[in-house]
Asker: 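What follows is a single structure, and I will ask about it in a moment.
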Protein chains: 2
Amino acid sequence: MKIGELARRSGLTAHTIRYYERIGLLPYADRDRSSQRDYDASILTWIEFLGRLKTTGMPIREMLRYAALREQGAGTEPERRAQLERHREQVRARIAELNACLLVLDTKIAGYAGAGNRIEDYDAYQRSRRNQPARTRQARAR
Amino acid sequence: MKIGELARRSGLTAHTIRYYERIGLLPYADRDRSSQRDYDASILTWIEFLGRLKTTGMPIREMLRYAALREQGAGTEPERRAQLERHREQVRARIAELNACLLVLDTKIAGYAGAGNRIEDYDAYQRSRRNQPARTRQARAR
DNA sequence: CATTGACTTAGAGCGCACTCGAACTCGTAG
DNA sequence: CTACGAGTTCGAGTGCGCTCTAAGTCAATG
């Protein structure tokens with residue numbers, strides 16, 4: 001598969017795929033006789049996993065560490081596992097932090113709901129249930 | 001209180017506080033007779049709330065919208081509430097997304113944990129070895 | 001009176017993660 | 001043969017959110 005198709009299938013742009021290869025996040029791809037990258041479908045699995053790491057806030061320099069260990073292959077499994085475990089803890093902490101903020105947000109909104117009832121009555125209120133934000137990326141809460 | 005103390009108490013740097021004032025995230029502070037900012041303790045509540053918004057991923061331009069409504073004061077409550085409700089939905093979506101990634105991470109880690117379990121990383125490794133001498137840093141050519 | 005240290009401003013610089021432009025080469029369709 | 005579209009490289013540009021520098025002012029202390 002060529003870069004255009006990989007772009008379509010991975011959700012990255014061709015520019016970003018080349019950028020990732022340049023910095024070492026994606027392995028150097030085979031070129032066909034006219035120097036065009038030719039990808040194996042298996043790269044999609046790796047790109048998808050990189051996407052998870054990115055979604056969970058792992059900076060590129062850490063992904064590079066992981067990618068380098070993966071390239072090295074044999075013997076690096078314990079270190080890769082350790083890195084993922086550290087990252088998992090960070091993600092858990094982040095979720096906890098977000099949940100805490102959610103409570104504050106709820107309180108604040110409840111405060112406005114009371115004030116709104118006094119001043120403006122409630123008419124814009126229902127909109128919050130129907131008026132979902134336009135699709136951003138993937139899963140939706142609740 | 002002067003900017004240094006506010007910095008200490010808020011966790012921001014004096015630089016950041018001035019920056020926030022410049023862009024309108026913090027109200028223009030009163031100056032004493034030698035042009036130094038003099039803060040009321042109440043600003044801490046606002047800074048703390050801004051911190052929550054930031055922690056939950058609200059971009060500055062949206063905080064500015066909220067801050068502007070707040071400056072306007074009376075009558076803007078329904079809009080402020082609506083904005084917070086939209087934001088709350090995004091935070092919930094983000095948490096859901098992180099939780100989904102957490103499952104993937106758990107699975108991956110479990111794969112590493114099992115003795116002699118190399119799963120799909122092994123295949124990917126074989127593939128990259130088969131390819132060119134994958135230069136992990138800058139790829140040049142020509 | 002000199003020094004210290006906290007403050008002031010305008011504006012430049014930085015780290016991150018892309019994102020895009022320019023100029024070029026190929027392979028194929030008409 | 002020519003045009004087109006998809007690819008190639010190098011390197012510059014972008015948007016975000018700070019972060020820092022330079023040059024100067026000011027009040028209090030030794």
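Just so you know, these numbers come straight off a predicted model, no measurement behind them. In the text below, chain A, chain B and the rest are named by the order of the sequence lines, each starting its count at 1.
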Asker: Output the rounded distance in Å from OH (B:Y19) to P (C:dC7).
Answerer: 21 Å
Asker: Hey, is CG on B:D32 packed in by over 12 heavy atoms from elsewhere, all under 6.0 Å?
Answerer: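 Atom CG in B:D32 is crowded, with more than 12 foreign heavy atoms closer than 6.0 Å.
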Asker: Please indicate whether A:E79 has more than 12 foreign heavy atoms, meaning atoms of other residues, nucleotides or ligands, lying under 6.0 Å from its CD.
Answerer: no
Asker: Could you check how far CG of A:D32 sits from C1' of D:dA6, rounded to whole Å?
Answerer: 11 Å
Asker: Distance check needed: C:dT9 C1' versus B:Q36 CD, whole Å only.
Answerer: 13 Å
Asker: Could you give the NE2-to-P distance, from A:H15 to D:dA12, as a whole number of Å?
Answerer: 16 Å
Asker: Do the side-chain N and O atoms of A:T76 and A:R80 include a donor-acceptor pair separated by under 3.5 angstrom?
Answerer: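 Result is yes, a qualifying pair exists.
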Asker: Are B:R31 and C:dT9 close enough that a side-chain N or O sits under 4.0 Å from OP1 or OP2?
Answerer: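 For B:R31, the contact criterion (side-chain N or O under 4.0 Å from OP1 or OP2 of C:dT9) is met.
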Asker: Does a side-chain N or O from B:K2 land closer than 4.0 Å to OP1 or OP2 of C:dT8, or not?
Answerer: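 The answer is no; no side-chain N or O of B:K2 sits under 4.0 Å from OP1 or OP2.
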Asker: Could you tell me whether B:R37 contacts a base, only the sugar-phosphate backbone, or nothing, with contacts defined as non-hydrogen atoms closer than 4.0 Å?
Answerer: sugar-phosphate
Asker: Does B:R18 reach a base, just sugar-phosphate, or nothing at all? Heavy atoms under 4.0 Å.
Answerer: base
Asker: Grab the two heavy atoms, one from A:M58 and one from A:M63, that are nearest each other, plus how far apart they are.
Answerer: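 Taking A:M58 first and A:M63 second, the nearest heavy atoms are O-CE, 3.0 Å.
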